[in-house]
Amino acid sequence: MKKHNQPIVDRSTRAVWAGEKEYRVHGASQVPVVHSVAYTYDDLDDWYEVATGNKKGHIYGRNTNPTVESFEHKLRDLEGAEAATSFSTGMAAISNSLLTFLRPGDRVVSIKDTYGGTNKIFSEFLPQMNINVTLCETGNHEELEKEISKGCEVLYLETPTNPTVKITDIKRMVKAAKAAGAYVFVDNTFATPILQNPLDYGVDLVIHSATKFLGGHADALGGAVCGREELVEKVFHYREINGATMDPMAAYLMIRGMKTLHLRMKQSCESAIKIAKYLQSHEQVDQVFYPGLKDHPGHDIAKKQMSQFGGMLSFSMKGGMDAVRAFLPKLKYANRAANLGAVETTVGPARTTSHIENTPEERAALGIPESLVRYSVGIEDTEDLINDLEQAMTHIPSTIGTK
Ligand SMILES: *Cc1c(COP(=O)(O)O)cnc(C)c1O
């Protein structure tokens, strides 16, 4: 695959500098937010040349915008991609990518543990269009290989997954998909380009909910797709007509957030492993899910394909939902909310957040305990977060068992 034509500097440096230069105006050191919906042309021939794509420039905000384009270039360079395009949300990135390439009668192979909204696309919307979807047990590579070999147009993966942080071997799956002539899409939201670069393994499209770690401040919605120009062009064309365009203000907030992505990921990862180990040793805690733990089933694969294990973990309580009800409201340094990947630690039961759309039976089938707590580690001091968990757990009444 052709590499991007930027000089290869470390991703931390790229996060700060990439994609901005040509968008700064009047000597400003920061990219401006261009709110203009349309662009004016006094020369009608010039206008025509830009409108027909023969000359660089902007015509109308649903198609392109300078601030949004700067965000796309920054992410493109972070992922080491040829091209990137952006969306109003992560779900728009996912649905637009699938709908660009799938036709009635086509088949998608994926895993059971994708993001809740993605799972709805697979279970509800694609079947309505006569597109077949086969969802395999997450982490069961043999089952995935078997289903891929039967033939499919798209293999759709997410790794690590939400909320039990399961890992799929990207390299192994790309090999199976290429043999079957299928495109491979990977949702890289949890890892971010700082920890994992699926394009290096031959993945065709990398998808992000920029709402999470990329923006990092829980104040803007966005999505993105990176990959070969030829493929990204097609997704862009679908999006420019379909209309799920990123807002320029959101793009600006993403650009600003991404400048500190490497620092935020470093702090979150450092804290996450310590918190996971702390929770594992706590008498009230039943199970801890974090790929950095040696007993996590995906640990060895994660070690190969990720530079660190990420800022997301989850855990279940011996005292079940009663224990969760007793301690969760007592956390001082955590937002009880449905998002993740913010500078503030964010926490919530999986049954209220990522898997609200599933029935208790479906959650059980997915291996998600009702008392599972999803914990998105922010950038606070590690000890403060552990102390906070410690004090909150003391509020669990002794009448709630620990067996
Ligand atoms: C949040 C999330 C999405 C959806 O993103 P939105 O920006 O909320 O539409 C997709 N995939 C993963 C892994 C997510 O965490």
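Any value given below was found using the heavy atoms of this structure, including those in side chains, with hydrogens, waters and symmetry copies removed. Counting starts at 1 for both ligands and their atoms, following the listed order.
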Undergrad: Quick check for students: name every N or O atom pair between ligand 1 and the protein closer than 3.5 Å, with distances.
TA:
{"from": "ligand 1", "atom 1": "5 (O)", "to": "S209", "atom 2": "OG", "distance (Å)": "2.9"}
{"from": "ligand 1", "atom 1": "7 (O)", "to": "G90", "atom 2": "N", "distance (Å)": "2.8"}
{"from": "ligand 1", "atom 1": "7 (O)", "to": "S209", "atom 2": "OG", "distance (Å)": "2.9"}
{"from": "ligand 1", "atom 1": "7 (O)", "to": "T211", "atom 2": "OG1", "distance (Å)": "2.6"}
{"from": "ligand 1", "atom 1": "9 (O)", "to": "G90", "atom 2": "N", "distance (Å)": "3.1"}
{"from": "ligand 1", "atom 1": "9 (O)", "to": "M91", "atom 2": "N", "distance (Å)": "2.8"}
{"from": "ligand 1", "atom 1": "11 (N)", "to": "D187", "atom 2": "OD2", "distance (Å)": "2.7"}
{"from": "ligand 1", "atom 1": "15 (O)", "to": "K212", "atom 2": "NZ", "distance (Å)": "2.7"}

Undergrad: Just checking H282 against F315, ring centres under 6.0 Å apart?
TA: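 Ring-ring flag for H282/F315: false, centres at least 6.0 Å apart.
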
Undergrad: Using 4.0 Å as the upper bound for N to carboxylate O, is an ion pair formed by K150 and E147?
TA: yes

Undergrad: Any side-chain heavy-atom pair from L385 and L389 closer than 4.5 angstrom?
TA: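 No - every pair of side-chain heavy atoms lies 4.5 Å or more apart.
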
Undergrad: Under the ring-ring contact (aromatic ring centres under 6.0 Å, His included) definition, can you give me all pairs with a residue in residues 190-216, not counting sequence neighbours?
TA: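 Counting only pairs at least two positions apart or across chains, no ring-ring contact (aromatic ring centres under 6.0 Å, His included) contact touches residues 190-216.
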
Undergrad: Should the pair Y39 and H58 be assigned to parallel (<30°), tilted (30 to 60°) or perpendicular (>60°) ring geometry?
TA: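 Because their plane-to-plane angle lies in the 30° to 60° range, the rings of Y39 and H58 count as tilted.
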
Undergrad: Decide if atom CZ of R256 counts as having more than 12 heavy atoms of other residues, nucleotides or ligands within a radius under 6.0 Å.
TA: no

